[in-house]
K.L.:
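Quick one: structure below, then a few questions.
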Amino acid sequence: MVRALTGIQPSGPPHIGNLKGMVEPAVELQESTEPFYFIASYHAMTTLKDPELFRQYQLEAAATFLAFGLDPKRAALFRQQDIPEVCELSWILGTHINLGILERAHAFKSAKDKGKEINLGTFSYPVLMAADILLYDTNLVPVGKDQKQHVEMAKDFAAGFNHRYGEEIFVIPEPVIRPEVATVPGVDGQKMSKSYGNTLGVFTPPKQLRKRVMKVVTDSKEMADPKDPDSCNVFALYGLFATKDEQAELADRYRAGGMGYGHAKQALFEVMDRALAEPRERYLELMDKPEQIEDVLEEGAAKARSVALQTMERVRSATGLGARR
Ligand code: AMP
Ligand code: TRP
């Protein structure tokens with residue numbers, strides 16, 4: 001069976017970019033694949049150092065998958081840190097990777113350009129991510145466009161390793177990126193990202209969500225002016241939640257003039273709330289019973305670990321590390 005794997009960093013409350021770019025596509029893949037989805041805690045540690053928040057965000061990330069319909073009977077949902085082999089594989093891969101490649105990674109380059117703190121974890125982030133992917137014989141990696149480069153790196157590392165030690169060691173993965181949601185814009189028009197403070201939260205209570213939606217930036221056209229839906233952030237976000245007919249109708253109103261952006265924002269809030277109300281309820285129920293989430297994560301870890309141990313046997317044997325005593 002084809003295996004799909006992806007991760008989400010528990011570095012903040014899940015947002016609409018996460019939902020449309022990754023969570024929904026990943027949940028849909030459970031119909032046709034064997035899903036392995038995990039909470040990328042070690043990755044989040046490169047930026048988050050607050051234990052309380054960290055615990056909370058891990059639960060939120062897990063509850064998000066479940067609230068949007070991930071079936072724990074089909075999928076393994078687990079925490080990265082429950083499979084210690086991932087660190088072992090990350091080390092082994094790292095001894096085969098040239099620094100120059102890591103210097104070209106987007107996350108490192110942008111942290112450097114912005115003069116942010118860069119710890120060793122930030123630098124080796126793509127190596128750990130490759131270990132995540134290769135440890136579980138992954139075929140497909142559903143992600144947003146910002147992760148494409150990382151998945152391509154994992155492919156290269158896998159091919160290089162197989163070439164050196166034997167073609168059967170790693171499965172070569174492929175990214176799966178939905179073009180229509182590849183990059184969801186935030187309230188300021190840049191890519192929506194936890195680190196830019198421009199997110200619309202998936203589970204923000206309706207009143208606050210409405211306020212946030214009203215903050216989405218637009219151009220400064222007057223009410224009477226005709227407007228261009230295709231260059232408008234509000235319209236781009238509307239398209240993620242509205243039906244085709246609703247989109248066509250709002251696009252007509254943009255072009256006709258006489259409609260203010262306030263109206264478009266209210267329409268955006270309404271379609272969002274319609275889509276998010278039910279999952280929000282399930283989410284709140286789950287967050288109220290964290291033991292249930294913990295049970296799912298424990299079962300998921302057992303499933304994931306059994307695959308990880310087999311991969312590590314191949315890697316240890318091929319490299320000369322040999323079987324564990
Ligand atoms: P992260 O929160 O960085 O762990 O991202 C989790 C997943 O959400 C990854 O697959 C990202 O590519 C995806 N994602 C994050 N932000 C966006 C966005 N603005 N548009 C589309 N996908 C996104
Ligand atoms: N780096 C990913 C992100 O920020 C999260 C992640 C970690 C991941 N390991 C992964 C995604 C493996 C896919 C596969 O979104």
Side-chain angles (χ1 to χ4, degrees), residues 3-27 29 35-48 57-58 60-62 64-65 68 76 78-81 83 86-87 89-90 93 105-108 110-111 121-122 124-155 157-158 171 173-202 216 233 236-237 239-240 304 308:
R3 180 162 298 141
L5 171 135
T6 194
I8 181 169
Q9 292 191 66
S11 52
H15 57 72
I16 298 303
N18 299 139
L19 178 66
K20 293 291 170 179
M22 187 276 270
V23 176
E24 283 187 353
V27 171
L29 275 175
F36 272 41
Y37 299 155
F38 69 96
I39 316 306
S41 310
Y42 288 139
H43 282 102
M45 283 183 101
T46 61
T47 52
L48 179 64
Y57 291 155
Q58 290 175 56
E60 289 185 11
T64 303
F65 277 112
F68 281 89
F78 59 100
R79 301 186 306 167
Q80 190 178 31
Q81 67 268 39
I83 319 295
V86 79
C87 290
L89 181 57
S90 182
L93 290 174
H106 291 317
F108 169 72
S110 83
T122 310
S124 59
Y125 189 108
V127 183
L128 179 59
M129 181 153 160
D132 288 326
I133 295 171
L134 303 180
L135 188 56
Y136 306 104
D137 294 340
T138 304
N139 305 104
L140 303 177
V141 188
V143 282
K145 191 169 149 224
D146 61 344
Q147 297 301 314
K148 183 167 196 280
Q149 187 198 36
H150 289 148
V151 182
E152 295 296 341
M153 285 173 144
K155 279 176 76 168
F157 301 159
V171 171
E174 280 300 329
V176 181
I177 299 170
R178 276 201 193 164
E180 70 280 13
V181 291
T183 307
V184 175
V187 296
D188 59 358
Q190 291 191 79
K191 180 189 92 162
M192 188 178 289
S193 167
K194 289 163 201 164
S195 58
Y196 299 161
N198 64 354
T199 59
L200 293 168
V202 177
V216 178
N233 291 317
L237 289 164
L240 300 175

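Ligands are counted one by one from 1 in listed order, and the atoms in each one are counted from 1 as well. Heavy atoms only: backbone and side chains are in, while hydrogens, waters and symmetry mates are out.
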K.L.:
What are the atoms of ligand 2, with element, lying closer than 4.0 Å to any heavy atom of V141?
P.N.:
13 (C), 14 (C)

K.L.:
For the backbone of G121 and the side chain of T46, can you confirm whether one donor and one acceptor N or O come within less than 3.5 Å of each other?
P.N.:
no

K.L.:
Given that the side chain starts at C-beta and the backbone is N, CA, C, O, which of these parts of K194 lies under 4.0 Å from ligand 1, counting heavy atoms, or is it both or neither?
P.N.:
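Looking at K194 and ligand 1, just side chain atoms fall under 4.0 Å.
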
K.L.:
Please classify the V151 to ligand 2 contact at 4.0 Å (heavy-atom distances, strictly less than): side chain, backbone, both or neither.
P.N.:
neither

K.L.:
Answer yes or no: is there a donor N or O on one side and an acceptor on the other, between the side chain of K191 and the main chain of D146, under 3.5 Å?
P.N.:
no

K.L.:
If hydrogens are left out, which of K191, R178, H150, Q147 has an atom nearest to atom 9 (C) of ligand 1, that is, the closest non-hydrogen atom?
P.N.:
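Among K191, R178, H150, Q147, the closest heavy atom to atom 9 (C) of ligand 1 comes from Q147.
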
K.L.:
Find all atoms of ligand 1 within a distance of less than 4.0 Å from any non-hydrogen atom belonging to Q9, and give their numbers and elements.
P.N.:
3 (O), 4 (O)

K.L.:
Any atoms of ligand 2 less than 4.0 Å from a non-hydrogen atom of I133? List them with their elements.
P.N.:
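Listed by number with element: 12 (C), 14 (C).
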
K.L.:
Please identify which atoms of ligand 2 are closer than 4.0 Å to at least one heavy atom of Y125.
P.N.:
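Close to Y125: 1 (N), 2 (C), 3 (C), 4 (O).
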
K.L.:
Within ligand 2, which atoms have a heavy atom of A40 less than 4.0 Å away?
P.N.:
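What qualifies from ligand 2 is 7 (C).
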
K.L.:
Show me which atoms of ligand 1 lie under 4.0 Å from any heavy atom of T183.
P.N.:
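Those of ligand 1 that fall under 4.0 Å from T183 are 20 (N), 21 (C).
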
K.L.:
Mark yes or no for whether Q190, through its side chain, and Y196, through its backbone, hold a donor-acceptor pair below 3.5 Å.
P.N.:
no

K.L.:
For ligand 2, which atoms, with element, lie under 4.0 Å from some heavy atom of T6?
P.N.:
11 (C), 13 (C)

K.L.:
Going by the atom numbers of ligand 1, which of them fall below 4.0 Å from some non-hydrogen atom of M192?
P.N.:
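Listed by number with element: 16 (N), 17 (C), 18 (C), 19 (N).
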
K.L.:
Can you figure out which of L240, D146, N198 has its heavy atom closest to atom 12 (O) of ligand 1?
P.N.:
D146

K.L.:
I need the nearest protein heavy-atom contact for atom 20 (N) of ligand 1: residue, atom name and distance, please.
P.N.:
V184 N, 2.8 Å

K.L.:
Tell me which one of N18, V141, T6, L19 gets a heavy atom nearest to atom 1 (P) of ligand 1.
P.N.:
N18

K.L.:
One residue to check: H15. Relative to ligand 1, which of side chain, backbone, both or neither has a non-hydrogen atom less than 4.0 Å away?
P.N.:
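Under 4.0 Å from ligand 1, H15 contributes side-chain atoms alone.
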
K.L.:
So which of P142, G17, G21, A44 gets nearest to atom 14 (N) of ligand 1, if we judge by its closest heavy atom?
P.N.:
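Comparing heavy atoms across P142, G17, G21, A44, the nearest one to atom 14 (N) of ligand 1 lies in G17.
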
K.L.:
Pick one of side chain, backbone, both or neither for how A182 approaches ligand 1, counting any non-hydrogen atom pair under 4.0 Å.
P.N.:
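A182 to ligand 1: backbone contact only, side chain stays beyond 4.0 Å.
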
